[in-house]
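Below is one structure, written out as structure tokens; comments come after it.
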Amino acid sequence: MRAIVIHPPNPGVSLRELSDINLSNIGDDEVAVRTLYTGICGTDRELANGLMRHSVPPPGKDFMVLGHEVIGEVIDVGEKVTGFKRGDKVVALVRRGCGNCLSCRLGRPDLCETGEMKIAGIKAQDGFMADLFVDKESYLVRVPDNVVSEDAVLIQPMGDVVKAIRTFLSIVEARFPWGCEDSTYECRSAAIIGSGSTGLLFSILLKSMGFNVVVLNRRAPTRLEERIVGEIGVDFRLISEDVGQIDLLVDTSGSTVSISRVISKVKPKGGVILFGFGIGDETRVSSQLITDIVYKNIVIVGSAAHAKIHLREAVSYYARLKIEYPSVFKGMVTNIATPDSAVQYVSKKQEGEIKVVVRWR
Ligand SMILES: [Zn+2]
Ligand SMILES: [Zn+2]
């Protein structure tokens, strides 16, 4: 079978022919899946270019199959598998617990305390950019057949976004209600820094929960971005413009310069979700900013990865939002690759790219 392989922590990515999976050998609790689509994200690019120094191949191997955003079709199930049957469409969980810490033992490898968890396609576990893969039933979530298309690879990153929003709301609402008089969030405003696929996923989810959303970037929107935010019904503004007072700031850029520009706009009792990894621009945190955060009772939440419950919720959101906003997810898929051309897409980001999908069949 074909697979896109990398050699972490060293650079290098190639399409390789691996020996086929012997389907008569799959375990009782395992499911064999034929890959339909895989998404390419910035993490894949960092891995391929040798920029993720903490990554390692699976034990005993000198390469790792890349890819963590996947949609596949079940082609065989082990004897004890009850939740899946041949033909089911599935998305796979990426984090696999370390088995030692309390979080992992309680089904929350996204909150692993030891850092020894495995991450499919990212650290010590093969990913999904291959014709076939076999996984335990417990690591798969079913996606309704009739909603699956190339853009369903967005379900995996949407799991991260769902978790970030759920975590933030559960923390902030444990202190004081955040809902409006009609119980929705329609009186709340959110500003999102970054208009990449993650920024757009935050926009559509927060908008669907009732938030008034504005997307911020250092540059003007492309025609495609303009069309997408228009359909979602959110504004796009330059970060240098005045955004007014906001209840929630979400950063997907990792830019300290951008964050420090907007964070002072967060209202009393408001909050900040930090989602983007730092990109290396340094800025000074002013003493006044610290005083503001304290005085205004601002909640700041960092969030990465997700658990199975969030992936399930992401599937529901995806199915619903695809009906509500018919061309948003489709519009976010800017490039379709073949396994052959995927290597080039993994190596280098394309002009105007939002999401690249590799079609395996
Ligand atoms: Zn990713
Ligand atoms: Zn753990």
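We use all heavy atoms of the structure for the numbers below, so side chains are in, but hydrogens, waters and symmetry mates are not.
- Looking only at distances, a side-chain donor or acceptor of Glu137 sits under 3.5 Å from a matching main-chain atom of Thr82.
- With hydrogens and angles ignored, the 3.5 Å screen pairs no side-chain donor or acceptor of Ser103 with any backbone N or O of Cys112.
- Closest of all the heavy-atom pairs between Gly194 and Val215 is O-CG1, 3.7 Å.
- Of the possible donor and acceptor atoms, one in the side chain of Arg96 sits under 3.5 Å from a partner among the backbone N and O of Leu93.
- For the pair Arg142 and Phe84, the NZ or CZ position fails the cation-pi test of under 6.0 Å to the six-membered ring centre and within 45 degrees of the ring normal.
- A donor-acceptor pair under 3.5 Å links the side-chain atoms of Lys296 to the main chain of Val266, judged by distance alone.
- No side-chain donor-acceptor contact under 3.5 Å links Glu282 and Thr256.
- Among Lys163, Arg166, His306, Lys308, the single residue meeting the side-chain hydrogen bond (donor to acceptor under 3.5 Å, both in side chains) criterion with Glu313 is Arg166.
- Ionic pairing of Lys269 and Asp247 is not present here: no N-O contact between side-chain nitrogen and carboxylate oxygen is shorter than 4.0 angstrom.
- Heavy atoms from other residues, nucleotides or ligands lying under 6.0 Å from NZ of Lys118 number 12 at most.
- At a threshold of 4.0 Å, the pair Arg359-Glu150 counts as salt-bridged, since one of the basic side-chain nitrogens sits closer than that to a carboxylate oxygen.
- Listed by chain and residue number, Lys61, Met64, Asp126 satisfy the side-chain contact (heavy atoms from CB on, under 4.5 Å) test with Pro58 (two or more places apart in sequence, or in another chain).
- The heavy-atom pair separating Ser255 from Arg218 by the smallest distance is OG-NH1, 4.1 Å.
- For the pair Arg16 and Phe63, the distance from NZ or CZ to the six-membered ring centre is under 6.0 Å and the angle to the ring normal is within 45 degrees.
- Closest non-hydrogen pair, Phe275 versus Ser303, comes out as CD1-O, 3.7 Å.
- What you find for Cys180 and Arg188 is that their closest heavy atoms are SG-N, 4.1 Å.
- The two residues Ser347 and Asn49 come nearest to each other via the heavy atoms O-ND2, 3.3 Å.
- Of the possible donor and acceptor atoms, one in the side chain of Asp44 sits under 3.5 Å from a partner among the backbone N and O of Cys41.
- Looking at Asp340 and Arg2, no side-chain N of the basic residue comes within less than 4.0 Å of a carboxylate O on the acidic one, giving no salt bridge.
- Of all non-hydrogen atoms in Thr114 and Cys101, the two that sit nearest each other are CG2-CB, 4.0 Å.
- In this structure, the side-chain contact (heavy atoms from CB on, under 4.5 Å) partners of Ala130, at least two apart in sequence or on a different chain, are Met1, Ala3, Val65.
- Side chains of Asn212 and Ser189: a donor-acceptor N/O pair is absent below 3.5 angstrom, by distance only.
- Looking only at side-chain heavy atoms (C-beta outward), Leu224 and Thr334 come within less than 4.5 Å of each other.
- Side-chain contact annotation: Asp251 with Ser253, donor-acceptor N/O pair under 3.5 Å present.
- Side chains of Tyr37 and Asp151: no donor on one and acceptor on the other come within 3.5 Å.
- Sorted by first and then second residue, the pairs that involve residues 166-196 and meet ring pair (Phe, Tyr, Trp, His ring centres under 6.0 Å), not counting sequence neighbours, are Phe168-Trp178, Tyr185-Phe211.
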